[in-house]
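The structure appears below as structure tokens.
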Amino acid sequence: MFLDFNSDKPIYIQLAEAIEDNILKGVFEEEGQIVSTTEISVSFKINPATAGKGINLLVDEGILYKKRGVGMFVSIGAKEKILQKRKEGFYESFILTLLEEASKLNITKEDIIRMIEGGKA
Amino acid sequence: MSLIEFKGISKYYKETKALDNVNLTLEPNKIFGLLGRNGAGKTTLLNLLTNKIFPTTGEITLDGATVFENDAALKNMFYMMERRLYPENLSIKEIFKWSKAFYPEFDGEYAYSLCEKFKLNPKKRVKELSTGYESIFKAIIALASNAKVLIFDEPVLGLDANHRDLFYKELLANYNEKPKTIIISTHLIEEIEGVLEEVIIIKEGKLIMRKPVADLLTSAHTVSGEASKVDVYLKGRNSAGEEMIGKFKSVTVLEEVNTINKTMAKELGLELSKVELQKLFISLTNI
């Protein structure tokens, strides 16, 4: 995991996404415990309020859940939820940016399709 | 609890107004960054808070009680100063012992464990310490004091990158374990940005900004592109600092990014991006 302070994305969102990435990769398994807010705060040198905000985002979405006095755990079905959400965001985060950059470079839609089909990825 | 209030604080030195009518409330248990250029009045503010000097007008209270010659209130605050105040001939060990007398909650065991982490030999005398190790030694006493309010004036002065990193981590570990009010005055904005919850900016003795870091950063953005187009974008907007490189111009705009701004920037072929705390600080305090 790594946080970029120069990114347009707020730190707490980067943190939430990094945790999601690790759930997708299987580093954090469903029903498994994840690192604590304190550990996140100390190792990334961020204010615990920021760390808490990132974690709460995932709690609100049902990706993580709190076990009182024990810590944070990955919900059952979290992986599926993240996949769904990311797929929905795929068009906006990747396709739109791709088209924007392509138009700057005068690359046509046909060129793009050819590149994809030609496996130039 | 440790609610700090500055009420109409001014401090004059003969003709100079070091602080000019500062009103500021610091809620308990947050990490505040006190930012300002050299001579802005940061140290004066901290000296007043800890009753080292007295205000010309106004009052400062801790949980409602004035700090003015109030030993009970002052014992709740630990102030790590830039200046050297410890007797030079004493060893670190001896100073730890003395600290316990002034701050009964001083945690000696924790202080020694920090010495080990920073590789500071507690048998050394104060006068034998390098600039960096003097900062470390003072920071260790502050962290171990267990005071409800910790005040750091340039805590990482002379520290190398590894020790600065360790300091921020130990500070956060301490804060996570025992939440307290922490006020840090520093010029190294970039590396402390993430640690802070709120930012206080003073300029020429006046409070000009006080906001949560996250809000401060979203309250502004940078616009960049061809100078003439940037000027079109800037019409009627509040901007702070600008940089020109040939025909390329980049300006800090004191306004949130919204869909209207985005559309306008897109039509003009301009780019909008996040502003860094350090850049925003420079823009706000540069005039």
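Here is how names work: the chains are called A, B, and so on, in the same order as the sequence lines, proteins then strands, and each is numbered from 1. What you are looking at is a predicted structure, and each value in this text was computed from that prediction instead of being measured.
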With a 3.5 Å distance limit and no angle check, can you tell me whether B:Lys274 reaches the backbone of A:Phe5 through a side-chain donor-acceptor pair?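 Side chain of B:Lys274 to backbone of A:Phe5, a donor-acceptor pair under 3.5 Å: yes, one is there.
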
Please confirm whether the backbone N or O of B:Gly194 pairs with a side-chain atom of A:Asn47, one donor and one acceptor, at under 3.5 Å?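 No; zero donor-acceptor contacts below 3.5 Å.
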
Side chain to side chain contact (heavy atoms under 4.5 Å, CB included) partners for A:Ser93, two or more places apart: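 For A:Ser93, no residue satisfies side chain to side chain contact (heavy atoms under 4.5 Å, CB included) once neighbours in sequence are set aside.
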
Under the side chain to side chain contact (heavy atoms under 4.5 Å, CB included) test, which residues partner B:Asp107, sequence neighbours left out?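 With neighbours one apart ignored, the set is B:Glu109, B:Tyr110, B:Asn146.
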
Drop me the distance from A:Glu39's CD to B:Leu172's CG, to the nearest 0.5 angstrom.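 It comes to 13.5 Å.
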
Would you give the length of the straight line joining atom NZ of B:Lys266 to atom CD of A:Glu100, rounded to the nearest 0.5 angstrom?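 Spacing of NZ (B:Lys266) from CD (A:Glu100) equals 4.5 Å.
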
Looking at [X], I'd like to know if its [atom1] atom is crowded, meaning that more than 12 non-hydrogen atoms belonging to other residues, nucleotides or ligands lie closer than 6.0 Å.
| X | atom1 | value |
| --- | --- | --- |
| A:Leu24 | CG | yes |
| B:Lys148 | NZ | yes |
| A:Glu29 | CD | no |
| B:Ile260 | CD1 | no |

Which atoms of B:Glu197 are under 4.5 Å from chain A, going by heavy atoms: the side chain, the backbone, both sets, or neither?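 For B:Glu197, heavy atoms of backbone and side chain both lie under 4.5 Å from chain A.
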
Region of B:Leu272 in contact with chain A, defined by heavy-atom distances below 4.5 Å: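 For B:Leu272, backbone heavy atoms alone lie under 4.5 Å from chain A.
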
Quick check on side-chain contact (heavy atoms from CB on, under 4.5 Å): which of B:Leu171, B:Asn176, B:Asn174 does A:Val42 satisfy it with?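 With A:Val42 as partner, side-chain contact (heavy atoms from CB on, under 4.5 Å) holds for just one option, B:Asn176.
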
